[in-house]
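First the structure, in the form of structure tokens, and then the observations on it.
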Amino acid sequence: MPVRPLIGAAAGAALLLLGTAAAVPSAAAPADPEEAVTVDEEGRVADDGSITLSGTYRCLGAEGTVFVGSSVSRAATDTVRHGVGGTLAVCDGKQHRWKNTGRVSGGELKAGPAHVEATIMELRPSGILLLPVPHAVGKRNITLVRD
């Protein structure tokens, strides 16, 4: 049996699944306007180059696993953003603290001004796929300080 038709069939099935998943309207809308994520005005840079960011979050009604993810760049207009960890979130309507630590490649970020974006992201089951559903996004210009 030729391999090319099998590859084409698998690609077609994947596109069909993705198209079906993308059509789920509830997956695109935030869960509730009361949900929020904030970023503290100061982040930390350790001697080994790891970055620690923190803030608060509140979310409601999740059906899947939820994380608070964060990224940092030198400025809001930078096209290069560095992911900094992820924290499991509890979506019970109460305010909680989040704290993410991660290493930035090449030690590109030093103490000084930076821009952080934090997102509450749910991985919601939809058939055999997990759909990313954002609940809230917070952005802030901060100062990275040496530990």
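Just so it is clear, the values below take in all heavy atoms, side chains as well, and ignore hydrogens, waters and symmetry mates.
Here the side chain of Glu63 pairs no donor or acceptor atom with the backbone of Pro125 at under 3.5 angstrom. Between the Glu122 side chain and the Val66 main chain, no donor and acceptor come within less than 3.5 Å of each other. Proximity of a side-chain donor or acceptor of Arg103 to a complementary backbone N or O of Gly49 within less than 3.5 Å is not detected. Not one N or O on the side chain of Ser126 forms a donor-acceptor pair closer than 3.5 Å with the backbone of Leu131. Checked by atom type and distance alone, the side chain of Thr38 pairs as donor or acceptor with a backbone atom of Thr56 at under 3.5 Å.
With sequence neighbours excluded, the residues that form a side chain to side chain donor-acceptor pair (under 3.5 Å) with Thr101 are Thr52. In this structure Arg58 satisfies the side chain to side chain donor-acceptor pair (under 3.5 Å) test with no other residue, sequence neighbours excluded.
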Worked verdict on Arg44 versus Val145 for side-chain contact (heavy atoms from CB on, under 4.5 Å): CA-CA 5 Å; Arg44 299 268 190 227; Val145 297; 2.6 Å; yes
Residues Ile51, Leu144; criterion side-chain contact (heavy atoms from CB on, under 4.5 Å); working and verdict: CA-CA 8 Å; Ile51 307 282; Leu144 291 174; 4.1 Å; yes
Would Ile142 and Val39 count as a side-chain contact (heavy atoms from CB on, under 4.5 Å) here? Give the steps. CA-CA 8 Å; Ile142 69 161; Val39 177; 3.9 Å; yes
How far apart are the C-alpha atoms of Cys91 and Leu60, what are their side-chain angles, what is the distance that settles it, and do they pass the side-chain contact (heavy atoms from CB on, under 4.5 Å) test? CA-CA 5 Å; Cys91 291; Leu60 304 164; 5.7 Å; no
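To the nearest 0.5 Å, atom OG of residue Ser50 and atom CG of residue Asn100 are 12.5 Å apart. Here the OG-CZ distance, from Ser71 to Arg81, works out to 3.5 Å after rounding to the nearest 0.5 Å.
The shortest non-hydrogen separation linking Val90 to Cys59 is O-SG, 3.9 Å. Taking every heavy atom of both residues into account, Ala36 and Ile120 meet most closely at O-CD1, 3.4 Å.
Linking ILVMFWY residues whenever their side-chain heavy atoms come closer than 4.5 Å, directly or via other members, leaves Leu123 and Val133 in distinct clusters. Cluster annotation: Val68 and Val137 are assigned to distinct hydrophobic clusters (Ile/Leu/Val/Met/Phe/Trp/Tyr, side-chain heavy-atom contacts under 4.5 Å, transitive).
By the 4.5 Å heavy-atom criterion applied to side chains, Lys139 and His115 are counted as neighbours. For the pair Val72 and Leu109, the minimum side-chain heavy-atom distance is below 4.5 Å. When side chains are defined from C-beta on, Arg146 counts as touching Asp47, because their heavy atoms get closer than 4.5 Å. Residues Glu41 and Arg140 are in side-chain contact: their nearest non-hydrogen atoms beyond the backbone lie under 4.5 Å apart.
Atom CD of Glu34 sits in a sparse spot, with 12 or fewer heavy atoms from other residues, nucleotides or ligands closer than 6.0 Å.
Here ring-ring contact (aromatic ring centres under 6.0 Å, His included) pairs that include residues 50-91, with residues two or more places apart or in two chains, are Tyr57-His96.
The pair Asp40-Arg97 meets the salt-bridge criterion, since a charged nitrogen lies less than 4.0 angstrom from a carboxylate oxygen.
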